[in-house]
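A short write-up of the structure that comes next.
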Amino acid sequence: MATADFENEVDYNEDASDNEMAVTEEEKHGTSTAKRGDSVTRKGRGHDKPQDKSRYAGKSGRFDSVRATDISNVQKSVEGYVLFVSNVHEEAHEDDLYELFDEFGEIKQLNLNLDRRTGYAKGYALVEFGTLGEAQKALQNADKQQLYEQELNVTWAFKKQTR
């Protein structure tokens, strides 16, 4: 049977006052100030440097507006015009969609989201074209086409609603 050895036991100073061990809320969060001699020491960031007043210079809350490009109220994204393709078969791959839409113009970006658990397509894709004409051509010709025996639905991803 093993015996415990208590010879190396640490002896804590029982005479220490509560004030020496107490930590104030300001010290925990680094916001307290303490005087050392003539100067005042501040803990935390940003006390020495003046803030840049022109950092946001009245731009806070203002955004560039997106304007419709034609009568159908289609809105351009940052790089081009985005089509939303739904009813995509779960076994479809990006290459299948790329081959289908490549004949209508240069594809800037194609996103086919996959389910993490199964690895199959989630059923929709985003296809981005550089020009409005290419995107309209793809919309007219690819809508209702068959891919893996399912009929694709192609619409605009960003279209301004009429009021």
Side-chain angles (χ1 to χ4, degrees), residues 1-2 4 8 10 21-33 42-163:
M1 178 173 224
N8 294 332
V10 178
M21 300 182 86
V23 177
T24 64
E25 285 297 315
E26 291 89 11
E27 289 172 341
K28 282 183 189 176
H29 300 293
T31 57
S32 68
T33 59
R42 294 181 182 183
K43 294 182 180 180
R45 292 185 271 166
H47 297 292
D48 297 335
K49 301 173 189 171
Q51 284 187 338
D52 184 9
K53 299 292 183 195
S54 66
R55 183 171 177 190
Y56 294 108
K59 302 247 186 213
S60 177
R62 292 186 191 167
F63 302 98
D64 294 335
S65 63
V66 178
R67 297 185 182 184
T69 55
D70 66 348
I71 298 170
S72 64
N73 290 328
V74 177
Q75 294 180 339
K76 183 178 180 182
S77 71
V78 175
E79 293 183 12
Y81 297 89
V82 182
L83 297 176
F84 182 78
V85 183
S86 60
N87 201 26
V88 177
H89 193 274
E90 65 181 9
E91 293 182 4
H93 297 283
E94 280 189 10
D95 294 340
D96 300 327
L97 288 169
Y98 192 86
E99 288 175 10
L100 177 70
F101 285 96
D102 189 39
E103 64 186 70
F104 307 118
E106 181 186 352
I107 297 174
K108 293 280 186 185
Q109 193 172 11
L110 187 137
N111 292 325
L112 177 66
N113 293 331
L114 303 178
D115 188 303
R116 288 184 193 156
R117 187 173 49 88
T118 63
Y120 291 121
K122 284 191 170 183
Y124 67 92
L126 297 167
V127 183
E128 184 172 356
F129 289 94
T131 65
L132 179 62
E134 292 172 344
Q136 284 179 331
K137 187 177 173 184
L139 175 68
Q140 292 168 357
N141 295 324
D143 192 30
K144 307 295 182 205
Q145 273 198 6
Q146 296 283 325
L147 182 67
Y148 289 112
E149 300 176 1
Q150 279 190 332
E151 189 176 274
L152 297 177
N153 297 320
V154 183
T155 58
W156 294 108
F158 304 113
K159 185 171 181 177
K160 194 171 187 178
Q161 295 177 354
T162 55
R163 294 179 186 185

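The residues of the chain are indexed from 1 along the displayed sequence.
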Expected output: side-chain Q150 to main-chain Q146 donor-acceptor under 3.5 Å:
no
Report yes if the side chains of V127 and F129 come closer than 4.5 Å at any heavy-atom pair, otherwise no.
yes
Non-hydrogen side-chain atoms of E134 and F104 separated by less than 4.5 Å:
no
Spacing of F101 atom CZ and L139 atom CG [to the nearest 0.5 Å]:
9.0 Å
One should read off an interatomic distance between Y81 OH and K108 NZ, to the nearest 0.5 angstrom, of 12.0 Å
Not counting sequence neighbours, list each pair that qualifies as a side chain to side chain donor-acceptor pair (under 3.5 Å) and has a residue in residues 109-128.
S77-E128, N113-Y124
Close side-chain approach of L110 to L97, heavy-atom, < 4.5 Å:
yes
Say whether, by atom type as modelled, one donor and one acceptor occur between the side chain of D96 and the main chain of A92 under 3.5 angstrom.
no
Of L126, I107, D143, V154, which is the lone residue that meets side chain to side chain contact (heavy atoms under 4.5 Å, CB included) with L83?
V154
Using a 4.5 Å cut-off on heavy atoms from C-beta on, say whether the side chain of Y148 contacts that of V88.
no
Quick one, V82 and W156 - any side-chain contact, counting heavy atoms below 4.5 Å?
no
Reported CG-to-CG distance for the pair L100 and N141, which is rounded to 0.5 angstrom
10.0 Å
Any side-chain heavy-atom pair from V85 and N153 closer than 4.5 angstrom?
no
Measure from the side-chain N and O atoms of H89 to the backbone N and O of E91, and report whether any donor-acceptor pair falls under 3.5 Å.
yes
For F158, give me all partners under ring pair (Phe, Tyr, Trp, His ring centres under 6.0 Å), at least two apart in sequence or on another chain.
none
